[in-house]
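Everything on this sheet refers to the single structure shown next.
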Amino acid sequence: MQNATHHDGRFAPSPTGDLHIGNLRTALLSWLFARKADARFLVRVEDLDRSRVKPGIEEKQLADLRSLGLEWDGEAVRQSERTGLYDEAIRRLDEKDFLYPCFCTRADVRAASSAPHGIPGHYPGTCRNLTERERAEREASGRPFALRVRGEGARVVFEDRLLGGQNYPVDDFVVWRNDGSPAYQIAVVVDDAEQRIGEVVRGADLVDSTPRQLFLADLLGLDAPRYAHVPLVLGPDGERLAKRHGAVTMADREEAGETPEDVLAWMAHSLGLAEAGEEPGLDTLLARFDPALIPTDPTIWRPR
Ligand code: GLU
């Protein structure tokens, strides 16, 4: 159920690597959407995946936001300090029998989901229909298991503020990882509801997570936010921007002699909010910003 009417927004980086100018542009957009509506803008550090979190990165990410002037309300929260909320949500789903253990390895899933008729990247349901005995045998073997939710191809329809009507099937996706930590999908849903986020503004690469998140919000009886998936910045090769594309982080840009104001100006120009060479401040950008006028095509970043 998408019924939020307020516009509180958030930026939710994973501290797994430095933010690049595409991530920073998404943060700027999320800030503009919220502030334009006189709403709160929150920052949430998505640090649950301990194998990918790198020390010191969270501090650098927050410092980059500050240097651009993107201030947030209250303290940034960390998902690693909120695991009780996710445990509780998992318990509620499990109680209603929406979950089942999955013993598949990554390779099992890859092999099964590349079979004909499968949807690429969708779990084909291998462990959904294990008999009690098969399940008990696997558990007894000590193999670690994940918990999957029974999506079973349910269709989720939603309206994205920028991309328009979306309609996707939901597979049986993981909500609890086999390393004993909550998965991104459940943590995001619980947090967006608990933090009373009205509108999620994030990169277009996450649009296919949204049906899963709406599905979970519905099962948990939580208010779901509205969504605006914003265009990405791509490398010259058309791939998602990454380190290998050159000097793409704030630190890199500063090393190349740019100031945070220069970086902001590049973002603003790429979004049609500034002329080339002009360096408007955040107040000016806010005055000019109109969500209806955001370009819908990705921006190609050219090394310079
Ligand atoms: N933490 C996620 C990422 O950095 C973003 C999650 C979200 O905005 O919902 O890709």
Side-chain angles (χ1 to χ4, degrees), residues 6-15 18-46 57-77 161-162 192 195-204 206 225-233 241 247-299 301-302 304:
H6 62 104
H7 290 82
D8 288 352
R10 50 45 162 209
F11 180 61
S14 303
D18 288 331
L19 297 172
H20 57 58
I21 48 176
N23 305 132
L24 291 167
R25 194 178 79 162
T26 298
L28 168 66
L29 283 167
S30 180
W31 184 91
L32 287 168
F33 269 87
R35 295 304 194 213
K36 190 77 184 184
D38 282 325
R40 292 182 311 151
F41 173 68
L42 308 182
V43 169
R44 182 169 75 227
V45 178
E46 302 207 318
I57 294 290
E58 172 190 322
E59 291 74 11
K60 279 164 80 183
Q61 292 183 334
L62 298 182
D64 286 352
L65 297 178
R66 278 195 208 97
S67 75
L68 289 170
L70 302 178
E71 287 181 9
W72 55 92
D73 294 296
E75 299 280 322
V77 302
R161 174 129 157 209
L162 300 178
D192 284 337
Q195 297 187 286
R196 302 193 40 72
I197 300 302
E199 186 163 48
V200 169
V201 176
R202 61 184 176 192
L206 285 168
R226 287 163 299 127
Y227 292 89
H229 289 91
V230 300
L232 300 181
V233 178
L241 199 63
V248 293
T249 67
M250 188 65 116
D252 295 339
R253 298 314 312 160
E254 289 185 336
E255 212 166 287
E258 291 183 11
T259 62
E261 291 71 29
D262 297 333
V263 175
L264 189 63
W266 178 86
M267 293 180 196
H269 179 57
S270 75
L271 292 167
L273 292 170
E275 303 292 334
E278 190 194 6
E279 297 216 335
L282 277 179
D283 286 348
T284 307
L285 294 183
L286 194 54
R288 290 179 186 172
F289 179 66
D290 178 350
L293 299 180
I294 299 182
T296 46
D297 286 339
T299 296
W301 183 79
R302 306 265 165 219
R304 55 189 185 281

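Basis for what follows: all heavy atoms, side chains included, without hydrogens, waters or symmetry-related copies. Predicted, not measured: the structure shown is a model, and the values here were computed from it.
Between the side chain of Gln61 and the main chain of Ser14, a donor-acceptor pair closer than 3.5 Å is present. For Arg40 (side chain) and Trp72 (main-chain N/O), no donor-acceptor pair under 3.5 Å exists by modelled atom type. The main-chain N or O of Met267 is found under 3.5 Å from a side-chain atom of Ser270 such that the two form a donor-acceptor pair. At least one donor-acceptor pair under 3.5 Å links the side chain of His269 to the backbone N or O of Ala274. The backbone N or O of Pro260 lies less than 3.5 Å from no partner atom in the side chain of Arg253, so there is not a single donor-acceptor pair.
Expressed to the nearest 0.5 Å, how far CD1 of Ile21 lies from CG of Asp64 amounts to 12.0 Å. Note that the CG atom of Leu32 and the CG atom of Leu273 stand 7.0 Å from one another [nearest 0.5 Å]. The distance from atom NE2 of His20 to atom CG of Asp252, rounded to the nearest 0.5 Å, is 11.5 Å. Here Leu68 contributes atom CG and Arg66 contributes atom CZ; the two are 12.0 Å apart, rounded to the nearest 0.5 Å. Summarising the geometry, atom CG belonging to Leu70 is positioned 10.0 Å from atom CG belonging to Leu29; distances are rounded to the nearest 0.5 Å. Atom NZ of Lys36 sits about 10.0 Å away from atom CH2 of Trp31, to the nearest 0.5 Å.
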Exercise for review: Evaluate the side-chain hydrogen bond (donor to acceptor under 3.5 Å, both in side chains) criterion for residues Asp262 and Thr259: first the C-alpha distance (whole Å), next the side-chain angles of each, then the deciding distance (0.1 Å), finally the verdict.
Suggested key: CA-CA 5 Å; Asp262 297 333; Thr259 62; 3.2 Å; yes
Review point. For Asp73 and Arg35, what are the C-alpha separation, side-chain angles and deciding distance, and is it a salt bridge (charged side-chain N to carboxylate O under 4.0 Å, His left out)?
Key: CA-CA 11 Å; Asp73 294 296; Arg35 295 304 194 213; 2.9 Å; yes
Review point. Can you list the steps and then say if Arg10 with Gln195 is a side-chain hydrogen bond (donor to acceptor under 3.5 Å, both in side chains)?
Key: CA-CA 9 Å; Arg10 50 45 162 209; Gln195 297 187 286; over 6 Å; no
Practice item. Mind running side chain to side chain contact (heavy atoms under 4.5 Å, CB included) on Tyr227 and Arg202 for me, showing each step along the way? Key: CA-CA 8 Å; Tyr227 292 89; Arg202 61 184 176 192; 3.4 Å; yes
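When all heavy atoms of Pro225 and Val200 are compared, the closest pair comes out as CG-CG2, 3.6 Å. For the residue pair Pro291 and Leu162, the shortest heavy atom distance occurs at O-CD2, 3.7 Å. What you find for Ile197 and Gly9 is that their closest heavy atoms are CD1-O, 3.8 Å. The two residues Leu28 and Leu271 make their nearest non-hydrogen contact at CD2-CD1, 4.2 Å. Considering every non-hydrogen atom in both Arg25 and Pro231, the closest pair reads NH2-O, 3.2 Å. Counting all heavy atoms, side chain and backbone alike, Ala204 lies closest to His229 at CA-CB, 3.9 Å.
Contact annotation: the side chain of Leu24 approaches that of Leu65 to within less than 4.5 Å [non-hydrogen atoms, C-beta and beyond]. Trp301 places a side-chain heavy atom less than 4.5 Å from the side chain of Trp266. Side-chain atoms of Leu264 and Leu285, non-hydrogen and from C-beta on, do get closer than 4.5 Å to each other. Contact of the Val201 side chain with the Arg161 side chain is not registered, since no non-hydrogen atoms from C-beta on lie closer than 4.5 Å.
Taking the salt bridge (charged side-chain N to carboxylate O under 4.0 Å, His left out) definition, one finds that Glu278 meets it with Arg288, sequence neighbours left out.
Within 6.0 Å of CD in Glu75 there are 12 or fewer heavy atoms belonging to other residues, nucleotides or ligands. The local environment of CG in Asp290 is crowded, with over 12 non-hydrogen atoms from other residues, nucleotides or ligands closer than 6.0 Å.
In summary, the aromatic rings of Phe33 and Phe289 are positioned with their centroids under 6.0 Å apart.
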